[in-house]
Visitor: 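I'd like to ask some things about the structure below.
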Amino acid sequence: MAPSPTGTLHIGGARTALFNYLLARKEGGTFVLRIEDTDVERSTQESVDVILQAMDWLGLSYDEGPYYQSERYDLYRGKVKELLDKGLAYRCYCTPEELEAKREAAMQSGGKRSYDGTCRQRTDQPDAPHVIRFKTPQAGSVDFVDRIKGRMSKDSDELDDLIIQRTDGHPTYNFVVVVDDAEMGISLVMRGDDHVNNTYRQIPMYQALGYPVPEFAHVPMILGSDKKRLSKRHGATSVMAYKDMGYLPEAMVNYLVRLGWSYGDEEIFSLEDLIEKFSLDNIGRSAGVFNPEKLLWLNEHYIKTGDPARLGGLLAEILAGQGVDVSSGPEMAAVVKTLQDRAKTLIEMAEGARFYFAAPQSYDETAAAKFLTADKREVIDISIRHLEALSSFTHDGVEQAFQSVMEETGLKFGKIGPTIRVALVGGPVSPSIYDVVAVLGQEETLARLRKALAVLTGKS
RNA sequence: GUCCCUAUCGUCUAGCCUGGCCCAGGACACCGGCCUUUCACGCCGGCGACGGGGGUUCGAAUCCCCCUGGGGACGCCA
């Protein structure tokens with residue numbers, strides 16, 4: 001996996017990383033992380049950190065690296081010299097302005113925008129600013145069999161002499177990946193299919209340098225809902241943004257892998273399942289549209305089925321970050337269990353959990369007007385009595401207590417529950433009353449009910 | 001513009017290689033119903049696609065050709 005540290009790790013990059021990881025794990029290969037930071041202008045340490053964090057969050061552990069291309073310039077320079085000495089590369093003195101003008105002119109006349117090879121035959125080698133270009137063979141065609149797309153071919157005369165070393169001496173991407181992939185023994189290059197045209201340019205370089213040509217697997221791109229390249233205008237695209245929005249990494253992994261890959265009708269896969277089941281054969285060949293709803297559904301699924309203790313830990317972090325004191329409230333796992341079926345994200349769960357840790361300061365107006373009226377004092381009072389007498393403060397115990405309240409008052413639960421709910425949580429929405437009471441505990445429940453009673457008494 | 005790739009429900013896809021089991025299956029979303037102490041969950045049902053045109057064949061989503069659509073690349077970015 002070789003991301004470039006010029007931004008965050010986005011959805012597309014993460015999926016490529018995942019596919020690479022899965023294949024390496026499945027086939028017992030080595031998963032190498034290499035940071036492609038030959039663009040000094042745009043590469044930043046912050047981006048490197050974000051990439052590392054995202055890989056870690058997704059659970060994609062690497063066996064080697066991270067390697068930094070910026071630390072391997074000696075190697076690349078040696079290889080450039082080798083090509084120069086063999087006559088397979090040459091100095092080009094054309095300036096960026098000249099090149100731009102030529103491209104412009106070519107565009108106008110409907111021709112190719114390729115470099116015209118002006119400096120290819122140049123015999124003098126003045127000591128002036130120059131780049132180094134690779135002398136791409138002009139005859140025949142470049143062919144390879146892509147592990148995903150099958151036979152691929154391009155006529156060589158469509159290829160021009162690409163720059164492998166800039167005026168400032170820095171090597172360029174297309175050259176260093178060839179050197180690195182070969183030197184690092186990469187046997188399969190899997191990357192987005194926006195690179196297929198680079199592959200045609202890279203293969204001759206492997207050959208020129210005497211390297212074996214690796215296998216290639218070009219994964220289709222991920223597009224936005226308008227079928228355009230995924231970008232910020234389609235909403236969050238960075239992986240870590242989803243962590244912040246309360247998504248679970250297993251949901252992200254599951255979503256990502258199904259975007260472009262399938263295994264019959266199955267939808268749910270853990271990383272472990274995937275290491276066993278993943279295969280290049282089941283990757284589709286066409287671009288896919290990023291669908292946030294399905295990702296959300298998967299997140300919902302993993303929240304629903306997740307281990308309460310683990311989810312509790314994650315929830316506590318979020319709550320703490322929101323300034324909620326979770327140290328004195330009920331046990332997190334118990335809280336989670338009451339919310340798992342009704343939250344799609346951890347953020348949503350946190351919202352739903354706040355009342356457990358802070359008694360209502362006020363009551364929702366419309367809910368109170370309906371369910372917390374003076375005539376409800378008796379119900380609350382009777383409920384208090386039965387809950388006081390209850391020794392087993394569990395879901396079932398609480399249910400029995402309310403059974404008694406129903407008998408004593410002759411009311412159906414529909415006439416009791418909503419009132420208790422508003423008194424306990426302050427609003428009209430919460431998990432099942434029995435669960436809320438059981439999790440809140442006897443002391444806290446009674447305190448909140450008495451408070452409500454006092455408020456009602458003060459009113460009349 | 002040139003080149004490369006690609007084409008099944010709105011979206012992700014199964015099926016295509018090894019034609020008939022497909023008047024096309026699953027999932028998300030959407031719509032309806034049931035359940036229900038709120039909100040949800042859940043359950044049941046529904047809507048919905050082989051881009052078009054030519055071939056080949058007894059028979060094509062599946063094979064061939066053309067068209068069209070979509071994406072990508074064309075940088076001293078990666």
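Please read these numbers as outputs of a predicted model, since none were measured by experiment. Lettering of chains follows the sequences in order, A, B, ..., and the numbering in each one begins at 1.
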Visitor: Is the closest basic N to carboxylate O distance between A/E183 and A/R72 below 4.0 Å?
Guide: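 A/R72 and A/E183: not salt-bridged.
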Visitor: In terms of heavy-atom contacts, does NZ of A/K337 have more than 12 from other residues, nucleotides or ligands at under 6.0 Å?
Guide: no
Visitor: Mind checking what makes ring-ring contact (aromatic ring centres under 6.0 Å, His included) contact with A/Y200, not counting sequence neighbours?
Guide: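 For A/Y200 the ring-ring contact (aromatic ring centres under 6.0 Å, His included) partners, ignoring immediate neighbours, are A/F144.
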Visitor: Step through it carefully: locate the ring centre of A/Y173, locate the ring centre of A/H195, and say whether they are under 6.0 Å apart.
Guide: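 Here the rings of A/H195 and A/Y173 have centres that are less than 6.0 Å from each other.
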Visitor: B/U11 pairs with which nucleotide, Watson-Crick or G-U wobble, both distances below 3.5 Å?
Guide: B/A27
Visitor: Distance criterion of 3.5 Å, no angle test: do you see the side chain of A/R342 paired donor-to-acceptor with the base of B/C41?
Guide: no
Visitor: State yes or no: are the ring centers of A/F413 and A/Y434 separated by less than 6.0 Å?
Guide: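 Close enough - the centres of the two rings lie under 6.0 Å apart.
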Visitor: Pick out the pairs of N or O atoms, protein on one side and nucleotides 43-49 of chain B on the other, that lie under 3.5 Å.
Guide:
none

Visitor: Could you check if a side-chain atom of A/L9 sits within less than 4.5 angstrom of a side-chain atom of A/M240, using non-hydrogen atoms only?
Guide: no
Visitor: When rounded to the nearest Å, what value does the distance between P atoms of B/U68 and B/G26 take?
Guide: 36 Å
Visitor: Between B/C3 atom C1' and A/R201 atom CZ, what is the distance in whole Å?
Guide: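 Nearest whole value for this atom pair: 12 Å.
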Visitor: Tell me what A/P431 touches on the nucleic acid: a base, only sugar-phosphate, or nothing, going by heavy atoms under 4.0 Å.
Guide: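 Contact class for A/P431: base.
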Visitor: If you assign each of A/D194 and A/S432 to its closest nucleotide in RNA chain B, which residue comes earlier from the 5' end?
Guide: A/S432
Visitor: Is there any protein nitrogen or oxygen under 3.5 Å from a nitrogen or oxygen in nucleotides 61-65 of chain B, and what are the pairs?
Guide:
none

Visitor: Which atom pairs link the protein and nucleotides 4-7 of chain B when you take only N or O atoms and keep those under 3.5 Å?
Guide:
from: B/C4; atom 1: O3'; to: A/Y200; atom 2: OH; distance (Å): 3.3
from: B/C5; atom 1: O2'; to: A/K149; atom 2: NZ; distance (Å): 2.7

Visitor: Would you mind classifying the nucleic acid contact of A/R42 as base, sugar-phosphate or nothing, using non-hydrogen atoms under 4.0 angstrom?
Guide: base
Visitor: Tell me the partner of B/G69, counting only Watson-Crick (N1-N3 plus N6-O4 or O6-N4) or G-U wobble (N1-O2 and O6-N3) with both under 3.5 Å; none if nothing fits.
Guide: B/U6
Visitor: Please determine whether a side-chain nitrogen or oxygen atom of A/K370 lies at a distance below 4.0 Å from atom OP1 or OP2 of B/U38.
Guide: no
Visitor: Using a cut-off of strictly less than 4.0 Å, decide whether A/S262 has a side-chain nitrogen or oxygen near OP1 or OP2 of B/A14.
Guide: yes
Visitor: Under the ring-ring contact (aromatic ring centres under 6.0 Å, His included) rule, collect the residues that match up with A/F278, sequence neighbours excluded.
Guide: A/F19, A/W261
Visitor: Hey, is B/C39 sitting syn or anti, using the within-90° cutoff around 0?
Guide: anti
Visitor: Starting at CD1 of A/I380, measure out to CG of A/L372 and round the result to the nearest 0.5 Å.
Guide: 5.0 Å
Visitor: Quick one: A/K412 NZ to B/U38 C1', roughly how many Å, whole number?
Guide: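 After rounding, the gap between these two atoms is 17 Å.
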Visitor: Using the side-chain heavy atoms of A/E158, tell me which of these nucleotides is nearest: B/G26, B/U2, B/C41.
Guide: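 Among the listed nucleotides, the one closest to the side chain of A/E158 is B/U2.
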Visitor: Are there more than 12 heavy atoms of other residues, nucleotides or ligands under 6.0 Å from atom CD of A/Q45?
Guide: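 For A/Q45, atom CD is crowded (more than 12 foreign heavy atoms under 6.0 Å).
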Visitor: Per the atom types in the model, does the base of B/C76 pair as donor or acceptor with the side chain of A/T167 at under 3.5 Å?
Guide: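 Check passes, donor-acceptor contact within cut-off.
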Visitor: Using atom CD1 of A/I164 as one end and atom P of B/C77 as the other, report the distance to the nearest whole Å.
Guide: 14 Å
Visitor: Indicate, with a heavy-atom threshold strictly under 4.0 Å, whether A/I433 touches base, sugar-phosphate, or nothing.
Guide: base
Visitor: Counting side-chain heavy atoms from CB outward, which of B/U38, B/G75, B/C41 is closest to A/K304?
Guide: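 From the listed options, B/C41 comes nearest.
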Visitor: Identify whether any heavy atom of A/T6 sits under 4.0 Å from a base atom; if not, whether one sits that close to sugar-phosphate; answer base, sugar-phosphate or nothing.
Guide: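 Touches nothing.
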Visitor: Counting the atoms with a prime plus P, OP1 and OP2 as sugar-phosphate, which does A/H195 contact under 4.0 Å by heavy atoms, base, sugar-phosphate, or nothing?
Guide: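 Base contact.
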Visitor: Within the structure, does a side-chain N or O atom of A/R421 lie under 4.0 Å from either OP1 or OP2 of B/C39?
Guide: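 Looking at the OP1 and OP2 atoms of B/C39, neither is under 4.0 Å from any side-chain N or O of A/R421.
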Visitor: Show the numbers, then the answer: is there a salt bridge (charged side-chain N to carboxylate O under 4.0 Å, His left out) between A/D160 and A/R133?
Guide: CA-CA 9 Å; A/D160 63 357; A/R133 284 184 188 271; 5.3 Å; no
Visitor: So what does A/N174 touch, heavy atoms closer than 4.0 Å: a base, only the sugar-phosphate, or nothing?
Guide: base
Visitor: Nearest whole angstrom, please: distance from the C1' of B/U37 to the NZ of A/K376.
Guide: 12 Å
Visitor: Please list each protein N or O that sits under 3.5 Å from an N or O in nucleotides 28-34 of chain B, with the distance.
Guide:
from: B/C28; atom 1: OP1; to: A/W297; atom 2: NE1; distance (Å): 3.4
from: B/C28; atom 1: O2'; to: A/K294; atom 2: N; distance (Å): 3.4

Visitor: Answer with yes or no whether A/R113 presents, from its side chain, a donor or acceptor under 3.5 Å of a partner atom in the base of B/C74.
Guide: yes
Visitor: Contact class for A/G352 (heavy atom, under 4.0 Å): base, sugar-phosphate, or nothing?
Guide: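 Answer is nothing: A/G352 stays at 4.0 Å or more from every strand.
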Visitor: Would you mind classifying the nucleic acid contact of A/E267 as base, sugar-phosphate or nothing, using non-hydrogen atoms under 4.0 angstrom?
Guide: base
Visitor: Provide the Watson-Crick or G-U wobble partner of B/G42, both distances under 3.5 Å; none if there is no partner.
Guide: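 Partner of B/G42: B/C34.
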Visitor: Whole Å only: how far is the OH atom of A/Y434 from the C1' atom of B/U38?
Guide: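 Taking atom C1' of B/U38 as the reference, OH of A/Y434 is at 13 Å.
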Visitor: Applying a 3.5 Å limit to both distances, which nucleotide forms a Watson-Crick or G-U wobble pair with B/C50?
Guide: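 None - no nucleotide pairs with B/C50, as no candidate has both distances under 3.5 Å.
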Visitor: From the list B/C12, B/G71, B/C77, which nucleotide is the closest neighbour of the side chain of A/R166?
Guide: B/C77
Visitor: Under 4.0 angstrom, heavy atoms only, what part of the nucleic acid is A/N198 near: base, sugar-phosphate, or nothing?
Guide: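 Base contact.
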Visitor: Give a yes/no answer on whether the side chain of A/T172 brings an N or O atom under 4.0 Å of OP1 or OP2 in B/A78.
Guide: no
Visitor: Using a 4.0 Å heavy-atom cut-off across all strands, classify A/V131 as base, sugar-phosphate, or nothing.
Guide: base
Visitor: Donor-acceptor check, side chain of A/D37 to backbone of A/Y68, threshold 3.5 angstrom: yes or no?
Guide: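 Not confirmed, A/D37 side chain does not pair with A/Y68 backbone.
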Visitor: Across all strands shown, which nucleotide pairs with B/C74 by Watson-Crick or G-U wobble geometry, both distances under 3.5 Å?
Guide: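 Check on B/C74: paired to B/G1, both distances under 3.5 Å.
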Visitor: If pairing requires Watson-Crick or G-U wobble contacts with both distances under 3.5 Å, which nucleotide is the partner of B/A61?
Guide: none
Visitor: Would you please indicate if the ring centroids of A/H170 and A/Y73 are separated by under 6.0 Å?
Guide: yes
Visitor: Would you mind reading off the distance between A/E100 atom CD and B/C74 atom C1', rounded to a whole angstrom?
Guide: 12 Å
